[in-house]
Amino acid sequence: MINPQVRVRFAPSPTGYLHVGGLRTALYNFLFARKNNGKFVLRIEDTDRNRFVEGAVENLIAALKWAGLQYDEGPDISGPYGPYMQSQRLEIYHKYAQELISQGKAYYCFCTPERLEALREEQQRMKLPQAKYDKHCLHLSPKEIEENLNRNISKVIRLNVEPNKKIEFDDVIREHVEFDSNNVDDQVLIKSDGYPTYHLANVVDDHLMQITHVIRGEEWLSSTPKHVLLYDAFGWERPVFAHLPLLLNPDRSKLSKRQGDVAVEDYRDKGYLKEALINFVALLGWNAGDDKEFYYIDELIEKFSLERVNKAGAVFDLQKLNWLNAEHLRKKTDDEILEMLKKEIENSEYKSANLSDEKLLLIIQAMKERVTFVRDFIYSCKYFFEAPTDYEQKAIEKNWKEDTSLHLLRLKDEFEKLTNPSKEDYEQVLTQVAEELNVGKGKLIHPLRLAVSGQSTGPGMFDLLYILGKDEVIKRIKTAIEKIKALIK
RNA sequence: GGCGCGUUCGUCUAGUGGCUUAGGACGCCGCCCUCUCAAGGCGGAGAUCACGGGUUCGAAUCCCGUACGCGCUACCA
């Protein structure tokens with residue numbers, strides 16, 4: 001055992017945003033760490049200088065924090081194994097690369113990109129099963145190497161892969177996996193710019209940081225033999241590997257930008273709750289073995305295990321995410337929703353609508369069962385924020401009859417007599433008017449709804465009237481009669 | 001092409017040799033509730049468990065092969 005305490009890491013490269021697949025990887029690491037009273041480390045794999053993106057690390061950290069995946073050690077949270085940015089650990093990688101060279105397990109390579117390119121083409125022409133480096137520089141004499149080094153020729157350090165060896169390792173999810181070393185290239189360990197490649201850096205860091213379990217995406221499975229070779233070359237104990245299935249597009253290709261949103265930030269901006277996103281993504285490739293689908297993160301921590309992670313990739317299905325979002329939203333208290341709604345209103349066209357908290361709370365209660373997103377409290381019931389400007393054509397045709405105007409006028413007159421009416425008062429009046437007019441209540445309710453909201457659907461009629469308030473209701477009935485009359489003509 | 005991994009309703013999945021006429025969830029359809037829409041309740045359609053061989057009294061479950069999909073095959077991670 002590397003360490004009696006579980007230590008896991010999420011090791012993204014800073015591409016500019018957090019991919020939802022990365023979110024799931026981070027989540028599983030987080031859940032595993034919390035479940036086992038271990039530590040969750042964030043390590044930034046920024047060893048590719050060509051792909052440097054300004055502000056990427058900050059975005060990544062912000063997205064992780066938004067999702068609630070707090071790490072114990074990371075670039076901005078110091079720990080005993082820092083620094084946690086690989087670009088700040090260059091000397092360390094060089095030291096270990098030298099150690100490998102001195103043991104003959106790695107070697108300098110001075111080949112030019114042109115020679116490499118030519119080699120590749122040659123191998124392709126010969127229809128070799130696989131393009132591989134030909135170990136040309138492995139056979140340089142010590143003197144030649146010395147000279148090249150002194151002349152400052154561009155160089156890399158390569159792993160010296162012994163041919164004809166079976167490389168095997170165990171994976172919690174895939175069980176036993178085997179590779180033939182003849183299929184493993186002499187991977188570059190240190191690039192000509194002095195930066196390490198992923199393969200060297202991740203092995204060195206995982207060892208130095210005492211990582212016990214490497215939980216990462218399946219795209220890494222094929223390079224794991226290189227990592228295993230490195231652990232063995234250094235004489236280090238291997239961590240437990242767990243390669244997660246990929247997240248897929250609806251057409252089952254790897255989840256990509258081209259087919260929809262992939263950034264956690266996109267979902268956050270669209271109004272998804274972090275609880276829903278976490279819940280959803282947790283279930284993409286894992287389940288507790290029961291029928292439960294609705295989870296808060298604490299329950300996920302309690303139930304999570306790597307053994308129950310699936311092998312096959314999972315399609316990211318927005319419909320189910322939407323359902324979970326609605327479920328989580330409904331479970332929130334009215335006050336919690338109020339705070340979110342007020343922020344949403346601040347960013348909407350109704351910024352200056354000035355509805356009181358009391359009124360907003362009433363809207364929340366009336367609409368809670370009818371929304372998927374917080375912003376639906378505005379956009380699926382705009383009539384609470386402004387008088388309707390037009391009226392659903394279909395509803396007019398269906399519910400606006402010859403005598404409707406008269407009925408509504410009558411209703412309006414009765415409403416006018418009320419002082420400070422309650423929901424019940426409205427209902428009582430309407431029932432009474434319906435009786436006197438000798439019509440069903442529906443005959444009044446449907447056109448009334450249309451008149452005050454412009455729509456044919458919405459919360460209970462009397463809730464609607466009560467929230468709008470007597471004056472507004474009367475005003476809207478009057479305008480509706482006028483406008484709809486004109487529309488029918 | 002090579003190597004690796006995978007394959008149960010449209011989608012996420014349960015299932016680890018007999019409990020399975022393959023269960024649940026989302027979505028879809030219908031009914032109930034009802035002033036509408038939701039929510040909720042009830043019900044329905046939907047999977048010859050990729051295909052073909054074995055092993056076994058018995059296989060979605062074990063083995064082999066094939067097909068298909070995906071990943072890797074960089075001085076990217």
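Just so it is clear: chains get the letters A, B, ... in the order the sequence lines come, proteins before strands, and each one is counted from 1.
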Q. Quick one: does NZ or CZ of A/R308 land under 6.0 Å from the six-membered ring centre of A/F304, within 45 degrees of the ring axis?
A. no

Q) Checking all strands, does A/Y195 fall into the base, sugar-phosphate, or nothing category for heavy-atom contacts under 4.0 angstrom? A) nothing

Q. In whole Å, what separates the P atom of B/G27 from that of B/A38?
A. 12 Å

(Q) Using atom P in both nucleotides, what's the gap between B/A59 and B/C19 to the nearest angstrom? (A) 11 Å

Q) Mind checking whether A/Y272 and A/F373 have parallel, tilted or perpendicular rings, split at 30° and 60°? A) perpendicular

(Q) Between B/U48 and B/G6, how far apart are the two P atoms, rounded to whole Å? (A) 23 Å

Q) If you look at every strand shown and take non-hydrogen atoms under 4.0 Å, does A/V177 touch a base, only sugar-phosphate, or nothing? A) sugar-phosphate

Distances under 3.5 Å only, N/O to N/O: pair up the protein atoms with those of nucleotides 11-13 of chain B.
unit_1	atom_1	unit_2	atom_2	d
B/C12	OP1	A/V315	N	2.9
B/C12	O2'	A/L283	O	3.1
B/C12	O2	A/K320	NZ	3.4
B/U13	OP1	A/G285	N	2.6
B/U13	O3'	A/N287	ND2	2.6

Q.
Using Watson-Crick or G-U wobble geometry with both distances under 3.5 Å, which nucleotide pairs with B/U55?
A. none

(Q) Between A/R476 and A/E472, does any side-chain N to carboxylate O distance fall below 4.0 Å? (A) yes

Q.
Less than 4.0 angstrom between a side-chain N/O of A/K191 and OP1 or OP2 of B/A77, yes or no?
A. yes

Q | Electrostatic pair A/D463:A/K423 at N-O distance under 4.0 angstrom | A | yes

**Q.** Ring-face cation contact, A/F294 with A/K331, 6.0 Å cut, 45° max
**A.** yes

Q | Base paired to B/G2 (Watson-Crick or G-U; both N/O distances under 3.5 angstrom) | A | B/C72

Q: Measure from CZ on A/R120 to C1' on B/G2 and round the result to the nearest Å.
A: 15 Å

Q. When all nucleic acid strands are considered with a 4.0 Å heavy-atom cut-off, which category describes A/C381: base, sugar-phosphate, or nothing?
A. nothing

Q. How do A/N183 and A/D193 order along RNA chain B: which one's closest nucleotide is nearer the 5' end?
A. A/N183

Q. Are a donor atom and an acceptor atom from the side chains of A/N202 and A/E45 found within less than 3.5 Å of each other?
A. no

Q. Which nucleotide in the set B/G4, B/A74, B/C76 lies at the smallest distance from any side-chain heavy atom of A/L221?
A. B/G4

Q: Run the salt-bridge test on A/R238 and A/D232 with the 4.0 Å N-O cut-off and return the result as yes or no.
A: yes

Q | Assigned partner base of B/A14, Watson-Crick or wobble definition, under 3.5 Å | A | none

Q | Partner nucleotide, any strand, of B/C42 [Watson-Crick/G-U, under 3.5 Å] | A | B/G30

Q.
Between P on B/A77 and CG on A/L60, what's the gap in Å once rounded to a whole number?
A. 16 Å

Q | Base-pairing mate for B/U48 - Watson-Crick or G-U, with both contacts under 3.5 Å | A | none

Q: Name the nucleic acid region contacted by A/E178, choosing base, sugar-phosphate or nothing; use a 4.0 angstrom heavy-atom cut-off, strictly under.
A: sugar-phosphate

Q: Once you apply the 3.5 Å cut-off to both distances, tell me the Watson-Crick or G-U wobble partner of B/A67, or none.
A: B/U7

Q. Can A/E122 and A/R125 be counted as an ion pair, charged N to O under 4.0 angstrom?
A. yes

Q) Does a side-chain N-to-carboxylate-O contact under 4.0 Å join A/R9 and A/D205? A) no

**Q.** Whole angstrom value for the distance that separates C1' of B/C72 from CD of A/E218
**A.** 10 Å

Q. What integer distance in Å separates A/N322:CG from B/C28:C1'?
A. 16 Å

Q: Starting from the C-alpha separation in whole Å, work towards a yes-or-no answer on side chain to side chain contact (heavy atoms under 4.5 Å, CB included) for A/Y133 and A/R158.
A: CA-CA 10 Å; A/Y133 181 61; A/R158 286 183 183 274; 3.5 Å; yes

**Q.** Whole-angstrom distance between B/U56 and B/U61, as gauged at atom C1'
**A.** 13 Å

Q) Taking the C1' atom of each, how far is B/G52 from B/U7, in whole Å? A) 15 Å

Q.
Tell me the interatomic distance from A/Q130, atom CD, to B/U73, atom P, rounded to whole angstroms.
A. 10 Å

(Q) Can you measure A/D291 atom CG to B/G15 atom P for me and round it to whole angstrom units? (A) 10 Å

Q) Tell me: NZ of A/K311 to C1' of B/U16, nearest whole Å? A) 10 Å

Q | Side chain of A/S253 (C-beta onward), nearest among B/G40, B/C70, B/C26 | A | B/C70

Q.
Checking contacts here: which listed nucleotide (B/A77, B/C75, B/G71) is nearest the side-chain heavy atoms of A/S222?
A. B/G71

Q | Interatomic distance at C1', B/A77 relative to B/U16, whole Å | A | 36 Å

Q: Check whether any side-chain N or O of A/K254 sits under 4.0 Å from OP1 or OP2 of B/C72, and answer yes or no.
A: yes

Q: Indicate for each nucleotide in nucleotides 30-36 of chain B, in 5' to 3' sequence, whether protein heavy atoms under 4.0 Å reach the base (B), only the sugar-phosphate (S), or nothing (-).
A: -----BB

Q) Judged by atom type as modelled, is there a donor-acceptor pair below 3.5 Å linking the side chain of A/R449 to the main-chain atoms of A/P459? A) yes

Q) Ring centroid separation for A/W220 and A/Y198, is it under 6.0 angstrom? A) yes

Q) Given the C1' atoms of B/G23 and B/G46, what is the spacing between them in whole Å? A) 14 Å

Q. Heavy atoms under 4.0 Å, any strand shown: does A/P14 hit a base, just sugar-phosphate, or nothing?
A. nothing

Q. With a 3.5 Å cut-off and just heavy-atom distances, do the side chain of A/R174 and the base of B/C5 make a donor-acceptor pair?
A. no

Q: Could you tell me the separation between the CZ atom of A/F169 and the P atom of B/C3, rounded to a whole number of Å?
A: 16 Å

Q.
Suppose we define a pair by two distances each less than 3.5 Å, Watson-Crick or G-U wobble; what does B/U21 pair with here?
A. none

Q. Charged N to carboxylate O below 4.0 Å: is that the case for A/D403 and A/R410?
A. no

Q.
Taking only the P atom of each, what is the distance from B/G65 to B/G24 in whole angstrom?
A. 36 Å

Q | A/T197 or A/A131, whichever maps to the more 5' nucleotide of RNA chain B | A | A/A131

**Q.** Residue A/L246, side-chain heavy atoms: nucleotide from B/A77, B/G71, B/C75 that is nearest
**A.** B/G71

Q) Which is true for A/S154 with a 4.0 Å heavy-atom rule: it touches a base, it touches only sugar-phosphate, or it touches nothing? A) nothing

